[in-house]
Amino acid sequence: MSNRKNRAKTFPEIASTTARTPYADFPPPERRPVAGPLENEAHLRFRFGDVDHGGKWPLSKIAKADHVQLLKKLKHYENLTVQDAKRTGALADYDMAKCPNKLATRRLAEQFDGRDDLSRLKVTDQQRLLGFRVGNEFSIVWWDPAHEVWPS
């Protein structure tokens, strides 16, 4: 019995967050499957393949209370069409070349092959979820709890 108490537990290595993707060993997909029609009348759908695990705004650093609020909002937003979300101000598309936060534009360009477009979803008056939008699909990239990426 005493042998069990003295054994040190070993844990697997965790990949560095500075890596471009935590799944670098896997080959990139040929193409992404289309979840439905990519048009303004389609309901919003969320994807997690582009989540940025490093930098200043990783989704993994979300507080527990904020996580609950975010999941409730995502559930609500899935009932909205792109057109409805834009009309209510919940969804907006940004040209990041005009973004006042140069740290955000630099991180976006470095991590996502020079991309300069981003969309945002309001979670609360201050909290934002940022990502890439193609039609009704919103690929989550960053969690911005303090509204720093593109401050008003």
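Nothing here was measured: the structure is a model prediction, and the numbers come from that model.
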* Under the side-chain contact (heavy atoms from CB on, under 4.5 Å) criterion, do Leu118 and Phe132 qualify, and how do the steps go? -> CA-CA 5 Å; Leu118 207 57; Phe132 306 124; 3.9 Å; yes
* Might you point out which heavy atoms bring Pro58 and Gly55 nearest each other, and give the distance in Å? => CD-O, 3.6 Å
* To do: Using the side chain to side chain donor-acceptor pair (under 3.5 Å) rule, collect all pairs that involve residues 56-68, keeping only residues at least two apart or in two chains.
  => Trp57-Glu148, Asp66-Gln127
* So, does Arg133 use its side chain to make a donor-acceptor pair with the main chain of Ser139 at under 3.5 Å? -> no
* Which atom pair, heavy atoms only, marks the closest approach of Thr81 to Glu41? -> CG2-O, 3.2 Å
* Could you pull out the closest heavy-atom pair between Arg120 and Arg128, with the gap in Å? => CD-CD, 3.6 Å
* **Val149 versus Asn101, closest heavy-atom pair with distance** => O-CB, 3.1 Å
* Asked: Can you list every pair that meets ring pair (Phe, Tyr, Trp, His ring centres under 6.0 Å) and has a residue in residues 68-97, with sequence neighbours left out?
  -> Tyr94-Trp150
* **Test side chain to side chain donor-acceptor pair (under 3.5 Å) applied to Arg106 - qualifying residues, sequence neighbours left out** => none
* Structure fact -> For Asp95, the side chain to side chain contact (heavy atoms under 4.5 Å, CB included) test, sequence neighbours excluded, returns Ala97, Lys98, Asp116
* Test salt bridge (charged side-chain N to carboxylate O under 4.0 Å, His left out) applied to Arg115 - qualifying residues, sequence neighbours left out -> Asp117
* Report the residues that fulfil side chain to side chain donor-acceptor pair (under 3.5 Å) with Thr105, sequence neighbours left out, ordered by chain and then residue number. => none
* Asked: Roughly how far, to the nearest 0.5 Å, is CD1 of Ile140 from CG of Leu121?
  -> 8.0 Å
* Structure fact -> Sequence neighbours excluded, the answer for side chain to side chain donor-acceptor pair (under 3.5 Å) partners of Trp143 is none
* To do: Might you point out which heavy atoms bring Ser119 and Leu91 nearest each other, and give the distance in Å?
  => CB-CD1, 4.3 Å
* same_hphob_cluster(Val68, Leu59) at 4.5 Å side-chain heavy-atom cutoff -> no
* Could I get the full list of salt bridge (charged side-chain N to carboxylate O under 4.0 Å, His left out) partners for Lys72, not counting sequence neighbours? => none
* **Any donor-acceptor N/O pair, Arg107 side chain to Lys102 backbone, under 3.5 Å** => no
